[in-house]
Amino acid sequence: MKYAFISDIHGNTVALEAVLEDIEKQQVDKIVVLGDLCYRGPQPKKALEIVRSLNSDVIKGNADEWVVRGVQKGEVPDETLEIMNKEREWTLSQLNEGDVTFLKNLPHTITLKAEDIHIFAFHATPDSLFDIILPNASDEIISEKMMSTDAQIVIYGHIHNPFIRSINGKIIMNIGSVGLPFDGLPKASYAIVEVESGNIRTTIERVAYNTEKTANLYHEVGYPNAEVLSSFVRNGKR
């Protein structure tokens, strides 16, 4: 069984289409989407339509929750709260009621099986859409926050910074971000997990795409905070 895991698209359809083209070459059996589909990008409606057309398992991210109910105090730095809610209002104006209902009803976790290997996936942690577990987090923090499961592979998104680690006999993966990577490499990120005859292969894939096209789209569509978001895209970091 061969899975492709994608996450944190953030309305960047140029990156999403490049990733899906790369996935097609990989001949995967199933695509799984770990949230943050459309908020903070210039083409939220199109991104959502593409994701829904994949017939994939999709779970909710914090940005999907923000589209549904807004960004609340304490969830982001105080100085960014107003502009992020303006971004949310713009995103909401591009969507219809059915789109918002789809985001609202997304589950928070998913469990998959390949042969005798179980995979447990979520957006940030199993119990939160907002917790931040960075690549350099201690084994103890990762174990406490993320490994109350019998699954041999644990996968998440949210931090836009991919890594693969082995802790206490389990594989822990962050798959990075399709639309807004934050590790300084301005290429879309996703993961492949393959289980065959008891063997496990895990890889992080980085896909080049036209970052300039996405950066320009923020300005063309009149996106609030366009200068900041276009800089994220061009530089692959905040």
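This structure is a prediction, so every number in the text was calculated from the model and none was measured.
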Any side-chain heavy-atom pair from [X] and [Y] closer than 4.5 angstrom?
X	Y	result
P126	T149	no
L180	D8	no
N62	H158	yes
H160	D183	no
P42	H219	no
K113	M1	no
L20	I50	yes
I153	V193	yes

Where the side chain of [X] meets the backbone of [Y], is there a donor-acceptor pair that is under 3.5 Å apart?
X	Y	result
S7	L34	yes
D64	G61	yes
S177	G179	yes
S189	I175	yes
T80	P77	yes
Y218	R40	yes
K30	F5	no
E75	Q72	yes
D36	H10	no
D57	V32	no

Q | Single-linkage hydrophobic cluster, 4.5 Å side-chain cutoff, V76 and L92 together | A | yes
Q) Would a hydrophobic clustering, with Ile, Leu, Val, Met, Phe, Trp and Tyr connected at side-chain separations under 4.5 Å, put I167 with I141? A) yes
Less than 3.5 Å apart, which donor and acceptor atoms pair up between the side chains of residues 226-238 and the rest of the protein, not counting sequence neighbours?
from : atom 1 : to   : atom 2 : distance (Å)
S230 : OG     : A226 : O      : 2.9
S230 : OG     : E227 : O      : 3.0
S231 : OG     : N235 : ND2    : 3.2
R234 : NE     : E212 : OE1    : 3.1
R234 : NE     : E212 : OE2    : 3.2
R234 : NH2    : E212 : OE2    : 2.9
N235 : ND2    : S231 : O      : 3.0

Q: Please name all residues satisfying salt bridge (charged side-chain N to carboxylate O under 4.0 Å, His left out) with K25, sequence neighbours left out, ordered by chain then number.
A: none
Q.
Going by the rule salt bridge (charged side-chain N to carboxylate O under 4.0 Å, His left out), which residues pair with K45 if we only count those two or more places apart in sequence or in a different chain?
A. D99
So with a 6.0 Å cut-off around [atom1] of [X], is the heavy-atom count from everything else above 12?
X	atom1	result
K213	NZ	no
E49	CD	yes
I132	CD1	no
N55	CG	no
E24	CD	no

Q. Which word best sums up how the rings of F130 and W66 line up, parallel for under 30°, tilted for 30 to 60°, or perpendicular for over 60°?
A. tilted
I need the minimum non-hydrogen distance between [X] and [Y], along with the two atoms involved.
X	Y	answer
I59	H123	CD1-N, 3.7 Å
R52	G98	NH1-O, 3.9 Å
K187	A208	NZ-CB, 3.7 Å
A151	K170	O-NZ, 2.8 Å
A4	V28	CB-CG1, 4.0 Å
V58	P107	O-CD, 3.5 Å

Q: Run the salt-bridge test on R201 and E196 with the 4.0 Å N-O cut-off and return the result as yes or no.
A: yes
Determine the sole option in [options] for which the side-chain contact (heavy atoms from CB on, under 4.5 Å) test with [X] is passed.
X	options	value
F122	L129, I155, V154	V154
Q152	I117, I119, V195	I117
Y209	V178, V19, L16, T214	T214

(Q) Tell me which pairs pass ring pair (Phe, Tyr, Trp, His ring centres under 6.0 Å) where either residue lies in residues 12-34, with sequence neighbours left out. (A) none
Q: May I have the step-by-step check of side chain to side chain contact (heavy atoms under 4.5 Å, CB included) for F182 and N161, ending in yes or no?
A: CA-CA 6 Å; F182 286 164; N161 201 328; 5.5 Å; no
(Q) For residues 10-23, which residue pairs pass the salt bridge (charged side-chain N to carboxylate O under 4.0 Å, His left out) check, not counting sequence neighbours? (A) E17-K46
Q | Pairs satisfying salt bridge (charged side-chain N to carboxylate O under 4.0 Å, His left out), at least one member in residues 142-158, at least two apart | A | D131-K145
Q.
Rounded to the nearest 0.5 Å, what separates atom CG in L37 from atom CG in L48?
A. 6.0 Å
Q: Mark yes or no: R88 above the aromatic ring of Y39, with NZ or CZ under 6.0 Å from the six-membered ring centre and no more than 45 degrees from the axis.
A: no
Q | Residue pair L112, H118: steps toward the side chain to side chain contact (heavy atoms under 4.5 Å, CB included) verdict | A | CA-CA 6 Å; L112 305 163; H118 287 82; over 6 Å; no
Q: Apply side chain to side chain contact (heavy atoms under 4.5 Å, CB included) to the pair Y156 and M173, showing each step before the final yes or no.
A: CA-CA 6 Å; Y156 74 114; M173 297 182 69; over 6 Å; no
Q: Dump the intermediate steps for side-chain hydrogen bond (donor to acceptor under 3.5 Å, both in side chains) on E87 and Y223, then the final yes or no.
A: CA-CA 7 Å; E87 293 178 48; Y223 187 86; 2.6 Å; yes
Q) Can you list the steps and then say if I6 with I31 is a side chain to side chain contact (heavy atoms under 4.5 Å, CB included)? A) CA-CA 7 Å; I6 67 177; I31 299 173; 4.2 Å; yes
